[in-house]
2 protein chains.
Amino acid sequence: MAATIKDVAAAAGVGIATVSRVFSGAGAVSAATRERVLAAARDLDYRPSAVGRSLKTRRTGGLGLAVPDVTDPFCAELVAGVLDCARTLGQHVLLDATRGDPAREAEIADRFAEQRVDGVIALPSGTGDPWAGFVRTGVPLVYVGRPPSARSGRRRSGTGGAASGALSGAASGAASGAVPGEVPAVLADDAAGIRSAAEYLVGLGHRRIGFLGAPAPGAPPDAREDAFRAALAALGVPVEEDLVARARPTRDSAYAAAAGLLQRRSDLTAVLASGNLSGEAAVLVARELDLRVPADLSIAMVDDVAWAELCDPPLTAVARPGRDIGYRACELAARDTGRRAPSGPVLLPTDLIVRGSCAPIPSRRERARH
Amino acid sequence: MAATIKDVAAAAGVGIATVSRVFSGAGAVSAATRERVLAAARDLDYRPSAVGRSLKTRRTGGLGLAVPDVTDPFCAELVAGVLDCARTLGQHVLLDATRGDPAREAEIADRFAEQRVDGVIALPSGTGDPWAGFVRTGVPLVYVGRPPSARSGRRRSGTGGAASGALSGAASGAASGAVPGEVPAVLADDAAGIRSAAEYLVGLGHRRIGFLGAPAPGAPPDAREDAFRAALAALGVPVEEDLVARARPTRDSAYAAAAGLLQRRSDLTAVLASGNLSGEAAVLVARELDLRVPADLSIAMVDDVAWAELCDPPLTAVARPGRDIGYRACELAARDTGRRAPSGPVLLPTDLIVRGSCAPIPSRRERARH
DNA sequence: GTGAAAGCGCTAACAT
DNA sequence: ATGTTAGCGCTTTCAC
């Protein structure tokens with residue numbers, strides 16, 4: 001259907017090599033011939049086929065990008081950042097959503113591998129590491145958003161599986177798990193972000209501060225939770241165990257966790273939500289419980305999403321530079337295969353945006369609950 | 001670097017065709033050989049190259065998706081829908097952001113064409129139509145989110161341009177602009193959505209209702225604005241010209257438009273925002289102007305984003321099924337090249353979500369403005 | 001400056 | 001059931 005280089009060559013009365021030269025810019029072509037080729041191409045509506053070229057050059061010009069959920073504001077910003085950068089680099093991007101599901105993550109990784117993307121950017125779900133395979137292949141891999149989980153589950157998925165997908169996790173026997181340290185990562189400095197929020201809250205006089213976390217219940221406490229405990233400890237504020245609530249990354253789960261926390265600890269004077277879903281939940285639950293913000297309860301959250309400012313009162317939030325993270329990660333993922341990546345993870349600063357949702361420790365008068 | 005089909009064939013002591021059969025599922029292979037092949041493949045960490053296969057089969061398994069801004073909640077939902085569907089279809093998706101810029105749109109279309117995507121889904125910016133080229137090529141094209149603009153700008157971009165990009169808009173001379181009607185589209189029934197909101201507002205007694213539109217100032221009124229006028233007219237409510245404000249799709253522009261409208265028409269009792277950016281602006285400006293919602297001003301908006309519920313009061317909104325739109329569009333874009341698409345655009349229903357931001361027409365007592 | 005030819009990794013006849 | 005062969009559209013020596 002579509003015209004090929006041969007058609008153009010024939011139409012222009014030249015060899016295919018000449019047509020190639022005209023379009024790839026390489027080599028020298030006389031102005032006259034170039035014009036004839038261009039004209040012929042125009043007539044035929046010719047566009048060089050990337051797949052033909054890729055086969056020869058071994059570069060597809062594509063970058064693989066996998067995030068848990070494109071609908072999440074942080075992820076969306078990140079994607080936008082990658083897109084921005086990719087554009088300047090002349091790369092395109094294959095996007096997919098992992099939903100935080102390791103199985104899906106593995107499928108996506110496989111797909112990216114098959115498609116021979118030039119680089120991969122992944123926001124890993126934290127269980128196992130379907131992405132590590134790329135470092136063996138020499139495909140630049142960059143983690144974003146969160147550090148590659150230190151304690152990777154190292155599950156071998158169905159060694160005796162069916163024909164399709166039989167290769168997932170293949171060859172992971174001997175040369176398995178690449179040293180985590182050698183995979184570059186671009187992250188927000190979450191610990192610092194959490195710390196700034198904690199310090200702010202403690203500075204307002206709060207002592208009983210709840211934490212709404214994101215990882216699956218039962219999972220090892222994630223980095224944010226650790227950071228929260230560390231920050232409070234450093235400030236001399238004891239962290240009681242039931243002050244932290246964990247939820248899966250869904251609205252329902254976040255709501256349940258928030259409701260649970262706020263009800264079992266009615267003495268809380270503040271909560272720190274570790275993500276926008278938790279933040280939403282906190283606001284909603286507080287409203288449901290007739291807690292006035294910030295008079296009865298101060299709320300701060302990680303992720304400065306658009307609605308933070310629209311809330312009443314506007315929500316104090318820790319802004320993570322999602323766009324920058326995506327942009328920087330893309331630069332690394334698109335780097336020449338030879339070049340070495342930065343040794344440690346790139347930590348981008350967060351920013352505490354103080355709005356109206358936190359107040360000095362409240363008088364404990366009437367806290368109507370239910 | 002990566003193992004090829006030949007390596008595997010050699011390692012397994014079989015012909016390359018056999019390896020191909022094992023991996024493509026086609027043809028019959030004895031269990032014994034299959035195992036040997038699989039084992040060899042595993043050892044070599046072999047993954048069939050999509051680029052080799054695509055060259056032969058003339059299908060890349062990729063779909064092109066272009067939206068103005070992945071960061072916009074509606075677009076994000078749409079993207080998520082496409083991703084969902086593509087996954088079930090075994091396709092991957094190339095995503096890019098147009099920013100509503102026709103030039104960028106054209107570049108993206110070119111890229112998709114070069115990459116030989118199997119189908120294209122585009123949320124067109126409305127000026128010109130860089131996408132029409134695909135119908136000539138026989139690549140399934142589907143518009144989403146808004147109807148392809150009837151009055152296409154038909155600009156020919158730099159006919160005598162440099163070598164690179166010289167073919168943008170090429171061959172558009174004779175067989176140009178495909179009949180718009182033959183390009184399938186999946187859209188929200190915006191007109192009905194606007195109408196439902198307008199009827200709701202009028203039903204509450206409102207007569208002076210402002211409209212916050214999205215298209216560039218000076219551009220022909222877009223479908224939503226038309227729908228707004230039509231809806232009010234049908235209800236016997238006159239639409240004064242300066243009741244509608246137009247803005248570019250940016251926060252600043254939306255804010256300026258909202259501020260302008262609310263200030264010049266302090267007699268407004270309600271506003272209908274045509275998108276989430278306008279809605280944000282309306283809320284912010286109302287707050288700035290010390291207008292109580294809904295006592296002094298009722299607000300309704302198109303797009304039921306997450307924050308609508310978090311607002312105080314929660315915002316009444318017209319929900320558009322972004323996810324479904326994406327899903328349906330993907331089905332159409334991935335259809336076999338032969339099959340005919342639906343004749344008319346697919347119109348998906350909207351849903352008026354009544355919350356607390358609209359009230360019966362207010363007493364006109366004290367409306368403190370600046 | 002330009003053309004001929006070899007091959008990139010794969011699939012699909014066609015043989016066997 | 002399996003191997004051989006001919007391309008798919010392109011880039012790239014290597015001649016001329």
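Naming convention: chains lettered A, B, ... in sequence-line order (proteins, then strands); numbering from 1 in each chain. Both backbone and side-chain heavy atoms feed into the values below; hydrogens, waters and symmetry mates do not.
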Taking atom [atom1] of [X] and atom [atom2] of [Y], what is their separation to the nearest 0.5 Å?
X       : Y        : atom1 : atom2 : value
B:Arg87 : B:Leu83  : CZ    : CG    : 10.0 Å
A:Arg53 : B:Gln115 : CZ    : CD    : 8.0 Å
B:Arg21 : B:Ile16  : CZ    : CD1   : 10.0 Å
A:Asp96 : B:Asp84  : CG    : CG    : 9.5 Å

For atom [atom1] of [X] and atom [atom2] of [N], their distance in whole Å:
X        : N      : atom1 : atom2 : result
B:Leu55  : D:dG7  : CG    : P     : 14 Å
A:Arg59  : D:dT12 : CZ    : C1'   : 18 Å
B:Glu114 : D:dC10 : CD    : C1'   : 12 Å
A:Ile5   : D:dC10 : CD1   : P     : 5 Å
B:Arg58  : D:dC10 : CZ    : C1'   : 13 Å
A:Gln115 : C:dC10 : CD    : C1'   : 13 Å
A:Phe23  : D:dC10 : CZ    : C1'   : 13 Å
A:Arg36  : C:dG3  : CZ    : C1'   : 13 Å

Quiz prompt | Aromatic contact, A:Phe112 with A:Phe134 (centres under 6.0 Å) | solution =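 A:Phe112 vs A:Phe134: aromatic centres not under 6.0 Å.
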Quiz item: Closest nucleotide of DNA chain D for A:Lys6 versus for A:Val19: which of these residues is on the 5' side?
Solution: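 Result of the comparison: A:Lys6.
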Exercise. Give a yes/no on whether any side-chain N or O of A:Arg53 is located under 4.0 angstrom from OP1 or OP2 of D:dG9.
Key: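 For A:Arg53, the contact criterion (side-chain N or O under 4.0 Å from OP1 or OP2 of D:dG9) is not met.
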Quiz item: Are OP1 or OP2 of D:dG3 and a side-chain N or O of B:Thr18 less than 4.0 angstrom apart?
Solution: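 B:Thr18 to D:dG3 OP1/OP2: side-chain N or O found under 4.0 Å.
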Can you tabulate the close N/O pairs, meaning under 3.5 Å, that link protein atoms to atoms of nucleotides 12-16 of chain C?
none

So what does [X] touch, heavy atoms closer than 4.0 Å: a base, only the sugar-phosphate, or nothing?
X       : value
A:Gly15 : sugar-phosphate
A:Thr33 : sugar-phosphate
A:Gly25 : nothing
A:Val51 : nothing

Quiz item: Under the side chain to side chain contact (heavy atoms under 4.5 Å, CB included) criterion, do B:Val142 and B:Trp131 qualify, and how do the steps go?
Solution: CA-CA 9 Å; B:Val142 182; B:Trp131 307 105; over 6 Å; no
Quiz item: Pick one: which of B:Leu94, B:Leu65, B:Leu63 meets side-chain contact (heavy atoms from CB on, under 4.5 Å) with B:Val117?
Solution: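 Output: one option passes, namely B:Leu94.
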